[in-house]
Trainee: 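Below you will find the structure I want to go over with you.
What you see below is based on every heavy atom in this structure, not just the backbone, and it leaves out hydrogens, waters and symmetry mates. The sequence lines fix the lettering, A, B, ..., with proteins before strands; numbering per chain opens at 1.
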Amino acid sequence: MKQKIEALILQAIDTLKIEGDLARGVSPSIVIERTRDPLHGDFACNVAMVLAKSANTSPRLLAEKILAAIPSDVLLLKAEIAGPGFINFFVDSRTQFRVLQQILTEADAFGCSQIGADKKVQVEFVSANPTGPLHVGHGRGAAYGSAVADLLAAVGFSVEREYYVNDAGRQMDILATSVWLRYLEACGEAVVFPSNAYRGEYVREIAHALYELSGTLYQRSINSIMQAIPADEPQGGDKDIHIDALIERAKSLLGVAQYQAVFEMGLNGILEDIKQDLHEFGVDYQQWFSERQLMDDGSVQQALQRLDTAGFLYKQEGATWFASSRLGDEKDRVVVRDNGQSTYFASDIAYHMQKLDRGFDQIIDIWGADHHGYIPRVRAAMQALGANTDKLTVLLVQFAVLYRGEERVQMSTRSGDFVTLRELRAEVGNDAARFFYTMRRSDQHMDFDLQLATSKTNENPVFYVQYAYARICSVLRQLAEKNIQHDIEQGTENLQLLTELNERELLTALTRYPEVLERAALQYEPHQLIHYLRELANNFHSYYNAHQFLVESADLRNARLNLICAVQQVLRNGLTLLKIKSPETM
RNA sequence: GCGUUUGUAGCUCAACCGGAUAGAGCACCGGCCUUCUAAGCCGGGGGUUGCAGGUUCGAUUCCUGCCAAGCGCACCA
């Protein structure tokens, strides 16, 4: 309908151009809006106000001319000028009825479209370091990222979901060493656990599994380990120097193969946990992309080579630098340290080179907001590699600030003191967790009160939407108990009986669904879908309280059943898209 | 200090590339269950959209300054 009105207005404008009321050069972008107030009709257009200046006339006068030039159309009940120069359109309710037929026919596919035209889009999200279980901050990225990916898929993009696994670097060595030390404890060695190691309980579990699997194979005496190791912080030393020395000691005492085995044990243990966790949360990936692989298969070297060829690398003080400041970054960045090791950024350059080479039309990176300063350098790298940086979209997710009642919950992976996503899911359930996370704009700060979410789950808004769905299911059960059939055809023939205000509002809401999906997808804003579902549920609850559906008159009854079945279908489509269950009873 | 994001009802948040009287939920007050699930509905109070300017038919939205908060400013990842 929107397109229809847009076409009509364009025709009118062309007419005015021919008649000389408008300059031929102007080609306004026509904006058709849903009206907020029913008094303003169904759709409104502001084109007269936009063009008034260039036409050298007042908005209302121009609006009248446009109005007069709009071809008549059976679908248009009337159009009128209002306010400062809006043209308001009133749509024939028969066109609204069509959507019911469409919903009942298309069923699960209703709302989906092909706007994406099969363009290849990659969405990379979560990508948390595999040094511990996901916490509630990652949960927001997971819920948001998967919702964005699923929305894009729903409107016709070919979507690939990817998790970048940072399985290289110092943090992973600290993890491996942490596992080894806990393992030594299990072997009976008296270990003083470093202050900078990973202290979470999960490290112990992995260490025990290692002990179960391999016995004392990796055991070394604590004396040989601690010999000449610089003191830890609590003993007046430096915690970083201490842990780095222990890492080196682990490597030398265990040898390459055994160290690798311990390392893998830690990595795989955590990675499997993360995969399982996300899967249970309704988040599945097509690709888990390993940073180590980039280093091993020469991609990092190749990427640096390409930057060098393009003239963007130089040496200084023993390190190799990428001249990103020439491409908008605030300063140059090191890509190879003076000790010969490439930096994390070098891996990321290679990673984005890979993304480009894999032929995506669009690359979407979803990062925690604390990484926002990282964007210019990645853009610079892509540009230096000769790519169009428009292909890259970085979406930022603000961390949720956790509260327990009034008290702010501090979180630190290192100390093991954090609320995991798994714990949250267990306490509030997957549905509530997803709904909560997705309810808010992702780039907005968010307060997540655990006490509220866990102790008063009945007040959770997710139930409001699910309840509307369950109520419709219940009506249909009542119908079956009374041995009455829902005659869809008879309903369709009697839709004109749906004259109540509640019914008209529901119809309008239903016609909006495909538009909401499209907007939510293209703007990467799944919260719009949540808000829509709440409105639809609200419209339904009001209707439910005001009118009886299972009335004597079969004509009216079937028409109303058509309507609520359509509502049921759209609620289910929306909830399913967000990976939230649609319960038939509550 | 520089960069960046954000300031909307008591609290948590919306507001469609700038649109008409800024909306929901929670909390508060008052109504509605002999009728399809009251996890619901109906009504009410509650706002100088941080402050001050600017741009224009029109600004919560765009620009400038100020105030406040978060984040970033590594040869860490």
Side-chain angles (χ1 to χ4, degrees), chain A residues 29 31-37 39-40 44 46 48-50 52-53 58-60 82-86 88 129 131 166 168-172 174 240 291 316-321 330-331 333-345 347-348 368-376 396 398-399 401 439-441 443-449 452 456-468 470-479 481-482 512 515-516 519-520 523 525 527-528 530-531 534-535 537-538 540-551 560 564 585-586:
Chain A
S29 54
V31 178
I32 309 291
E33 277 187 321
R34 291 275 183 180
T35 58
R36 197 170 287 173
D37 187 336
L39 288 174
H40 299 143
N46 66 353
M49 290 179 285
V50 176
K53 190 174 234 179
S58 81
R60 287 195 69 110
F86 287 103
N88 291 336
N129 287 353
T131 53
N166 294 123
R170 176 166 176 263
Q171 297 305 322
M172 290 307 299
I174 295 178
D240 285 309
E291 181 187 358
Q316 188 178 315
E317 293 167 13
T320 304
W321 297 70
E330 56 187 20
K331 55 180 161 182
R333 310 288 172 179
V334 170
V335 286
V336 182
R337 293 193 275 264
D338 57 7
N339 65 6
Q341 282 193 319
S342 60
T343 61
Y344 170 82
F345 179 44
S347 299
D348 232 4
D370 54 335
H371 284 71
H372 71 81
Y374 204 77
I375 299 172
L396 298 177
Q398 289 285 348
F399 268 42
V401 180
M439 212 163 62
R440 310 268 155 78
R441 297 178 63 103
D443 56 354
Q444 213 70 317
H445 299 97
M446 167 181 177
D447 287 356
F448 202 129
D449 187 342
L452 192 80
K456 294 170 135 187
T457 53
N458 281 2
E459 289 177 8
N460 199 303
V462 69
F463 294 114
Y464 184 80
V465 177
Q466 290 181 319
Y467 185 44
R471 269 183 154 174
I472 298 171
C473 294
S474 178
V475 170
L476 297 177
R477 280 194 299 273
Q478 292 283 327
L479 190 71
E481 276 173 29
K482 291 180 179 174
R512 278 177 53 211
E515 297 168 20
V516 170
R519 282 186 59 85
Q523 299 186 353
E525 292 186 347
H527 77 274
Q528 290 187 17
I530 297 262
H531 281 276
R534 289 176 76 170
E535 278 175 42
N538 176 253
F540 172 76
H541 285 309
S542 297
Y543 183 36
Y544 182 93
N545 275 277
H547 300 285
Q548 190 79 14
F549 309 146
L550 304 181
V551 291
R560 287 184 168 172
I564 68 167
T585 58
M586 286 179 74

Trainee: So, using ring-ring contact (aromatic ring centres under 6.0 Å, His included) as the criterion, who are the partners of A:H531 when residues are at least two apart?
Mentor: A:H527
Trainee: Give A:E317 one of three labels, base, sugar-phosphate or nothing, depending on what nucleic acid heavy atoms sit under 4.0 Å from its own.
Mentor: base
Trainee: To the nearest 0.5 Å, what is the distance between CE on A:M172 and CD1 on A:I174?
Mentor: 10.5 Å
Trainee: Determine the Euclidean distance between corresponding P atoms of B:U61 and B:C51; express it in Å to zero decimal places.
Mentor: 11 Å
Trainee: Listed by chain and number, what are the salt bridge (charged side-chain N to carboxylate O under 4.0 Å, His left out) partners of A:R534, not counting sequence neighbours?
Mentor: none
Trainee: Which residues pass the ring-ring contact (aromatic ring centres under 6.0 Å, His included) test with A:H371, not counting sequence neighbours?
Mentor: none
Trainee: B:A38 C1' sits how many Å from A:F540 CZ, rounded?
Mentor: 14 Å
Trainee: List, with names and distances, any nitrogen or oxygen atoms from the protein found under 3.5 Å away from nitrogen or oxygen atoms belonging to nucleotides 1-3 of chain B.
Mentor:
residue : atom : partner : partner atom : Å
B:G3    : N2   : A:H372  : NE2          : 3.0

Trainee: Under 4.0 Å: is that the gap between some side-chain N or O of A:R471 and OP1 or OP2 of B:A38?
Mentor: yes
Trainee: Would you mind classifying the nucleic acid contact of A:N88 as base, sugar-phosphate or nothing, using non-hydrogen atoms under 4.0 angstrom?
Mentor: base
Trainee: Quick one: is B:A15 close enough that its OP1 or OP2 comes under 4.0 Å of any side-chain N or O from A:R36?
Mentor: no
Trainee: For A:H527, which contact category applies under a 4.0 Å heavy-atom criterion: base, sugar-phosphate, or nothing?
Mentor: sugar-phosphate
Trainee: Rounded off to whole Å, could you give me the CD1-to-P distance for the A:I174 and B:A77 pair?
Mentor: 10 Å
Trainee: For A:F345, which contact category applies under a 4.0 Å heavy-atom criterion: base, sugar-phosphate, or nothing?
Mentor: nothing
Trainee: Using atom CG of A:N538 as one end and atom P of B:G25 as the other, report the distance to the nearest whole Å.
Mentor: 7 Å
Trainee: Mind checking the C1' distance from B:C33 to B:A27? Whole angstroms is fine.
Mentor: 24 Å
Trainee: Need one value for A:S474: base, sugar-phosphate or nothing, where a base atom within 4.0 Å counts as base even if backbone is also close, heavy atoms only.
Mentor: base
Trainee: Pull out every stem in RNA chain B, meaning runs of 3 or more consecutive Watson-Crick or G-U wobble pairs with both distances under 3.5 Å.
Mentor: B:1-7 with B:67-73, B:10-13 with B:23-26, B:28-32 with B:40-44, B:50-54 with B:62-66
Trainee: Given B:A77, B:C75, B:G40, which nucleotide is nearest the side-chain atoms of A:Y374?
Mentor: B:A77
Trainee: When we call it a touch if two heavy atoms are under 4.0 Å apart, what does A:A168 touch: a base, just sugar-phosphate, or nothing?
Mentor: sugar-phosphate
Trainee: State whether the distance check finds a donor on one side and an acceptor on the other, under 3.5 Å, for side chain A:N46 versus base B:G19.
Mentor: yes
Trainee: Determine the Euclidean distance between corresponding C1' atoms of B:G18 and B:G70; express it in Å to zero decimal places.
Mentor: 28 Å
Trainee: Can you name the residues that form a side chain to side chain donor-acceptor pair (under 3.5 Å) with A:N538, not counting sequence neighbours?
Mentor: A:Y464
Trainee: Identify all pairs in which a protein N or O lies below 3.5 Å from an N or O of nucleotides 11-13 of chain B, and state each distance.
Mentor:
residue : atom : partner : partner atom : Å
B:U12   : O2'  : A:R440  : NH1          : 2.9
B:U12   : O2'  : A:R440  : NH2          : 3.0
B:C13   : OP1  : A:H445  : O            : 3.1
B:C13   : OP1  : A:D447  : N            : 2.9

Trainee: For B:U12 and B:C17, measure between their C1' atoms and round to the nearest Å.
Mentor: 28 Å
Trainee: Not counting sequence neighbours, which residues clear side chain to side chain donor-acceptor pair (under 3.5 Å) with A:Q341? List them please.
Mentor: A:R337
Trainee: According to the 5.5 Å centroid and 30° plane-angle thresholds, does A:Y464 stack upon the nucleobase of B:G40?
Mentor: no
Trainee: Just checking A:R34: base, sugar-phosphate only, or nothing, at a heavy-atom cut-off of under 4.0 Å?
Mentor: base
Trainee: For side-chain contact (heavy atoms from CB on, under 4.5 Å), just list the numbers for A:M586 and A:F463, CA-CA rounded to whole Å, side-chain angles, deciding distance to a tenth of an Å, and then say yes or no.
Mentor: CA-CA 9 Å; A:M586 286 179 74; A:F463 294 114; 3.5 Å; yes
Trainee: Which residues pass the side chain to side chain donor-acceptor pair (under 3.5 Å) test with A:R477, sequence neighbours left out?
Mentor: none
Trainee: Check the distance between B:C36's P and A:H541's NE2 and give it to me in whole angstrom.
Mentor: 16 Å
Trainee: C1' atom, B:C26 versus B:A39: distance in rounded Å?
Mentor: 14 Å
Trainee: Starting the side chain at C-beta, find the nucleotide from B:A74, B:A77, B:G19 nearest to A:K331.
Mentor: B:A74
Trainee: Which heavy atom of A:A48 sits nearest a heavy atom of A:G85, and at what distance?
Mentor: CB-O, 3.7 Å
Trainee: Validate the cation-pi geometry between A:R471 and A:F540: distance from NZ or CZ to the six-membered ring centre under 6.0 Å, angle to the ring axis within 45°.
Mentor: no
Trainee: Classify the nucleic acid contact of A:T585 as base, sugar-phosphate or nothing, counting any heavy atom under 4.0 Å across all strands shown.
Mentor: base
Trainee: Base, sugar-phosphate or nothing for A:Q478? Non-hydrogen atoms, less than 4.0 Å.
Mentor: sugar-phosphate
Trainee: Indicate, with a heavy-atom threshold strictly under 4.0 Å, whether A:D338 touches base, sugar-phosphate, or nothing.
Mentor: base
Trainee: A:P84 side chain: which of B:A74, B:G40, B:C57 is closest?
Mentor: B:C57
Trainee: Using a 4.0 Å heavy-atom cut-off across all strands, classify A:N339 as base, sugar-phosphate, or nothing.
Mentor: nothing
Trainee: Would you please confirm or rule out a distance under 4.0 Å between OP1 or OP2 of B:A39 and any side-chain N or O of A:Y467?
Mentor: yes
Trainee: By the 4.0 Å heavy-atom rule, please label A:A52 as base, sugar-phosphate, or nothing.
Mentor: nothing
Trainee: Quick one: label A:A369 by what it contacts on the DNA or RNA (base, sugar-phosphate, nothing), any heavy atom closer than 4.0 Å.
Mentor: sugar-phosphate
Trainee: A:R441: which residues meet the salt bridge (charged side-chain N to carboxylate O under 4.0 Å, His left out) condition with it, sequence neighbours left out?
Mentor: A:D443, A:E525
Trainee: Separation of A:Q548 atom CD from B:C33 atom C1', in whole Å?
Mentor: 13 Å
Trainee: Would A:I375 and A:L396 count as a side-chain contact (heavy atoms from CB on, under 4.5 Å) here? Give the steps.
Mentor: CA-CA 10 Å; A:I375 299 172; A:L396 298 177; 4.3 Å; yes
Trainee: Using the P atoms only, state how far B:C67 lies from B:G25, rounded to an integer number of Å.
Mentor: 38 Å
Trainee: Measuring to OP1 and OP2 of B:C75, would you say a side-chain N or O of A:T320 lies under 4.0 angstrom away?
Mentor: no
Trainee: side-chain contact (heavy atoms from CB on, under 4.5 Å) for A:E535 and A:R512? Distances and angles first, verdict last.
Mentor: CA-CA 11 Å; A:E535 278 175 42; A:R512 278 177 53 211; 3.1 Å; yes
Trainee: List in chain and number order the residues that pass ring-ring contact (aromatic ring centres under 6.0 Å, His included) with A:Y374, two or more places apart in sequence or in another chain; answer none if no residue qualifies.
Mentor: A:F345, A:W367
Trainee: Just call it for A:A44: base, sugar-phosphate, or nothing, with non-hydrogen atoms closer than 4.0 Å on any strand.
Mentor: base
Trainee: Mind telling me if B:C33 is syn or anti? Syn here is a glycosidic angle within 90° of 0.
Mentor: syn
Trainee: Would you mind reading off the distance between A:F463 atom CZ and B:G40 atom C1', rounded to a whole angstrom?
Mentor: 15 Å
Trainee: A:N166: which residues meet the side chain to side chain donor-acceptor pair (under 3.5 Å) condition with it, sequence neighbours left out?
Mentor: A:E291
